[in-house]
Amino acid sequence: MKVNEIADLAKVSPDTVRFYNREGILRPRKDPRNGYYVYSSEDLRRLRFVRMANKLGWNLSEVKVILSQGTEDGLAGGDLEKLFTDGLCRLDQELKELERLRDDMKATIQLWRQMPDGVPNGHSVQKWIEQWS
């Protein structure tokens with residue numbers, strides 16, 4: 001696969017593919033005829049993993065550690081478990097914040113519906129924004 005093909009399959013931009021290539025996440029081979037990078041299904045798997053890891057809040061160095069498993073410089077199983085446990089804690093915290101935001105938004109909408117015209121005014125919007133600042 002060429003850059004545009006792997007980017008389309010992974011639902012990322014070609015620049016994202018190039019970035020992860022420079023960072024050593026992807027391991028394409030160079031076509032000797034034209035010098036273009038050619039990506040494998042393993043590169044696609046790694047790229048999809050990076051996207052999922054980003055959604056979980058892992059940074060690039062954490063992703064590199066996880067992907068290094070199976071190579072001689074990988075982490076011990078306990079260290080990898082800690083990385084996943086820490087990620088799970090972060091996710092739980094973010095979920096609680098999102099649930100609080102959802103509940104506050106619902107309450108604010110109910111409050112606005114009780115206003116004379118059922119329309120929020122600048123003061124009520126500003127008050128809602130301040131509680132999240």
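The analysis underlying the following values was restricted to heavy atoms, covering all of them including side chains, and did not include hydrogens, waters or symmetry mates. Nothing fancy with the numbering, it's 1 onward along the sequence. Predicted, not measured: the structure shown is a model, and the values here were computed from it.
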Closest approach of [X] to [Y] (non-hydrogen atoms, all atoms of both residues):
X	Y	answer
Val17	Leu26	O-CD1, 3.7 Å
Pro14	Ala7	N-CB, 3.8 Å
Val63	Ala53	CG2-CB, 3.6 Å
Tyr37	Pro28	CD2-CG, 3.5 Å
Leu44	Met1	CB-CE, 4.2 Å

Spatial distance of atom [atom1] ([X]) from atom [atom2] ([Y]) [nearest 0.5 Å]:
X	Y	atom1	atom2	answer
Tyr20	Arg46	OH	CZ	12.5 Å
Lys2	Tyr36	NZ	OH	6.5 Å
Arg102	Lys106	CZ	NZ	5.0 Å
Phe19	Ile25	CZ	CD1	8.5 Å
Met52	Phe49	CE	CZ	4.5 Å
Asn54	Thr16	CG	OG1	9.5 Å

Check: Asn59/Ser61 side-chain N/O donor and acceptor closer than 3.5 Å: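 Result is yes, a qualifying pair exists.
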Of the options Asn21, Leu9, Leu47, which is the one that meets Tyr39 in a side-chain contact (heavy atoms from CB on, under 4.5 Å)?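 Of all the options given, the one that passes is Asn21.
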Can you check whether Val3 reaches Arg18 side chain to side chain, under 4.5 Å on heavy atoms?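 In short, these two side chains touch, coming nearer than 4.5 Å.
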Compare all side-chain heavy atoms of Glu23 with those of Leu60 and state whether any distance is below 4.5 angstrom.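 Glu23 reaches Leu60 side chain to side chain.
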Is the shortest distance from a Lys or Arg side-chain nitrogen in Lys82 or Asp86 to a carboxylate oxygen in the other one below 4.0 Å?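 Salt bridge between Lys82 and Asp86, a charged N being under 4.0 Å from a carboxylate O: yes.
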Using 4.0 Å as the upper bound for N to carboxylate O, is an ion pair formed by Arg100 and Glu97?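 Result for this pair is no, no salt bridge flagged.
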Neighbour count >12 (heavy atoms, 6.0 Å) for atom CD, Gln93: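 Atom CD in Gln93 is not crowded, with 12 or fewer foreign heavy atoms closer than 6.0 Å.
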For the backbone of Arg51 and the side chain of Lys11, can you confirm whether one donor and one acceptor N or O come within less than 3.5 Å of each other?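 No; judged by distance alone, with no hydrogens or angles, the pair does not exist.
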Quick check: is Phe84 connected to Leu91 through a chain of hydrophobic side chains (ILVMFWY, heavy atoms under 4.5 Å apart)?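 Per the 4.5 Å side-chain linkage, Leu91 and Phe84 are co-clustered.
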